[in-house]
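The block underneath contains the structure these notes are about, expressed in structure tokens.
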Amino acid sequence: MILETGRLILREFEPSDAKPMFELNSNPEVIKYTGDPPFDSVEAVRGFLKNYSDYRKNGYGRWAVLLKPENEFIGWCGLKLNEEDFTDIGFRFFRKHWNKGYATEAAMATLAFGFNELGLDEIIGRVAAENTASVRVLEKINMRFWKHGSCKDLNNVVYYRKLIP
């Protein structure tokens, strides 16, 4: 376990996450604004998880988010050292768990972990401008608009950031 909130547990990905990760990324609504294609199979996800090196390489990464007390996998949230050499926060949840505050709760805990435990001095968030729900999450966790840009195959991306409190 990396983090625990009132309703959630965040932990490193495990091989048992392959099936729910496949299902999560197979929903066109969930990945609509991500620029990510769906995985081809559960086996492809298993390979991705087996080779996921961010924890070892950077000391952090994206984490599975589990709903207490059932330990139900409901999505992921975490930090990533991106191709622009910024640490960014990201999150993705099953649609049935949208609008329940889980993304905000997980993201708030992730920001605190990044600043307090990892000693980061800046964390950014990149979101397709049309993804108003994710923009709202970034604003709820007190990130501030920084600039417009592009990311992956998305051209209309808004960048938010938060500096060390």
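Along the sequence shown, residues carry numbers from 1.
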List the atom of G6, the atom of E105, and the distance in Å for their closest heavy-atom pair.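 Looks like N-OE2, 3.5 Å.
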Nearest heavy-atom pair of F93 and A106: which atoms, and what distance?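 Here F93 and A106 meet closest at CZ-CB, 4.2 Å.
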Just wondering, are more than 12 heavy atoms of other shown residues or ligands nearer than 6.0 Å to [atom1] in [X]?
| X | atom1 | value |
| --- | --- | --- |
| N71 | CG | yes |
| K147 | NZ | yes |
| N99 | CG | no |
| K100 | NZ | yes |

Donor-acceptor pair, D17 side chain versus F13 backbone, under 3.5 Å?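 No.
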Between the main-chain N or O of F86 and the side-chain N or O of N82, is there a donor-acceptor pair closer than 3.5 Å?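 Present.
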How about [X] and [Y]: are their ring centres within less than 6.0 Å of each other?
| X | Y | answer |
| --- | --- | --- |
| Y60 | Y55 | no |
| W63 | F91 | no |
| W76 | F94 | no |

Could you check if a side-chain atom of [X] sits within less than 4.5 angstrom of a side-chain atom of [Y], using non-hydrogen atoms only?
| X | Y | value |
| --- | --- | --- |
| L3 | T110 | yes |
| V135 | L138 | no |
| E84 | Y159 | yes |

Taking 4.0 angstrom as the limit, do K68 and E4 come out as a salt bridge?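 Yes, charged N to carboxylate O under 4.0 Å.
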Cationic N near anionic O, under 4.0 Å, E29 to K32: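 The answer is no: the pair does not qualify as a salt bridge.
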How far does CG of N156 sit from CG of L154, to the nearest 0.5 angstrom?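 Between N156 CG and L154 CG, I get 9.0 Å after rounding to 0.5 Å.
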Going by salt bridge (Lys or Arg N to Asp or Glu O under 4.0 Å), D88 matches just one of K80, R62, R161. Which one?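 Passing option: R62.
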